[in-house]
Amino acid sequence: MSFSAFARRVRDPALPHQRRVSALRSCVQLYRPVGFEATLSFLEELAGPFRRDEAALLRALEQLAASRRLRHEDLQRYAAERRTAKQLGHRTPRRTDRNPNLGPAIWYGAAQRAALHALGYWRRSRLPELLAGNDPGAGDRRLGVRLPRQRRTFDRGAASATR
């Protein structure tokens, strides 16, 4: 289903509250600018305890929908810029040109606040798990990223380690 269809379910007072919360989670699954869990956490910061409060649930949906609308407007502006550039003969955008399709993902309307919230959320929820080695997605740590060895350079016969 679409974001709009799930949003209609969130707004439907005839549905039980938990089904409406589930519909909001489905909206977040379709538009999660700072990740699924971090987006839900940020919505709770913005709107209040939407899992228990109907007014907070509607505020959370409005915050999410407003960010999504701003993203769509930005994508439309980019598409217009690209059409103009193509008409001028610039068929391929340069790497340095702005491209909202490539990210980074941001919360439109509160980019810095959402990014700081997402970092804090990740630090509280995921970092301890990763450091403890309990993360099933981490797999065998021996197969992880290897740090580069230190290079040894010689200065008049005396060895000194440099990076």
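Counting from 1, the numbers follow the sequence of the chain as shown.
- For the pair L46/E62, no side-chain contact is recorded, criterion being any heavy-atom separation below 4.5 Å from C-beta on.
- At distances below 3.5 Å, at least one donor-acceptor pair connects side-chain atoms of R124 with backbone N or O atoms of G120.
- The shortest distance between side-chain heavy atoms of L15 and D12 falls below 4.5 Å.
- Contact record, G48 with A56: C-CB, 3.9 Å, taken as the closest heavy-atom pair.
- Taking both residues in full, the closest heavy atoms of R82 and P93 are given as NH2-CD, 3.5 Å, listed atom of the first, atom of the second, then distance.
- Side chain of H90 to backbone of T84: no donor-acceptor contact under 3.5 angstrom is found.
- Every pair passing salt bridge (Lys or Arg N to Asp or Glu O under 4.0 Å) that includes a residue from residues 22-47 is listed here, sequence neighbours excluded: E44-R51, E45-R113.
- Between R11 and L58, the closest heavy-atom pair is CA-CD2, 4.1 Å.
- Within a 6.0 Å radius of CZ in R59, other residues, nucleotides and ligands contribute more than 12 heavy atoms.
- Classification of the F42-W107 ring pair by plane angle, with boundaries at 30° and 60°, yields perpendicular.
- Residue F36 is grouped with residue F6 when hydrophobic side chains (ILVMFWY) are merged at heavy-atom distances under 4.5 angstrom, including chains of intermediate members.
- Atom CZ of R95 has 12 or fewer heavy atoms from other residues, nucleotides or ligands within 6.0 Å.
- Side-chain contact, Y31 with S67: a donor N or O sits under 3.5 Å from an acceptor N or O.
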Let's go through D74 and R98 carefully: what are the C-alpha distance in whole Å and the side-chain angles of both, what is the deciding distance for salt bridge (Lys or Arg N to Asp or Glu O under 4.0 Å) to 0.1 Å, and is it a yes or a no? CA-CA 11 Å; D74 191 30; R98 180 184 83 82; 2.8 Å; yes
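- Using a 4.5 Å heavy-atom cutoff, the side chains of S26 and M1 are not in contact.
- Put simply, the side chain of C27 reaches to within 4.5 Å of the side chain of L61, judged on heavy atoms.
- Judged by distance alone, with hydrogens and angles left aside, the side-chain atoms of S125 form a donor-acceptor pair with the main-chain N or O of Y121 at under 3.5 Å.
- For the pair D97 (side chain) and R94 (backbone), a donor-acceptor distance under 3.5 Å is present.
- Criterion: ILVMFWY side-chain heavy atoms under 4.5 Å apart, direct or through other members. Under it, L70 and Y78 are not part of a common hydrophobic cluster.
- Closest heavy-atom contact between A60 and A47: N-CB, 3.3 Å.
- R71 places no side-chain N or O within 3.5 Å of a backbone atom of Y108 that could act as its donor or acceptor partner.
- Distance check: R20 CZ to R9 CZ gives 13.0 Å after rounding to the nearest 0.5 Å.
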For a side-chain contact (heavy atoms from CB on, under 4.5 Å) check, start with the C-alpha distance between L64 and R68, then their side-chain angles and the critical distance, and finish with the verdict. CA-CA 6 Å; L64 186 66; R68 185 172 175 266; 5.8 Å; no
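- Considering every non-hydrogen atom in both L40 and F50, the closest pair reads O-CE2, 3.6 Å.
- The shortest distance between side-chain heavy atoms of Q63 and L43 falls below 4.5 Å.
- H117 and S41 make their closest contact through NE2-OG, 2.7 Å (heavy atoms, listed as atom of the first residue, atom of the second, distance).
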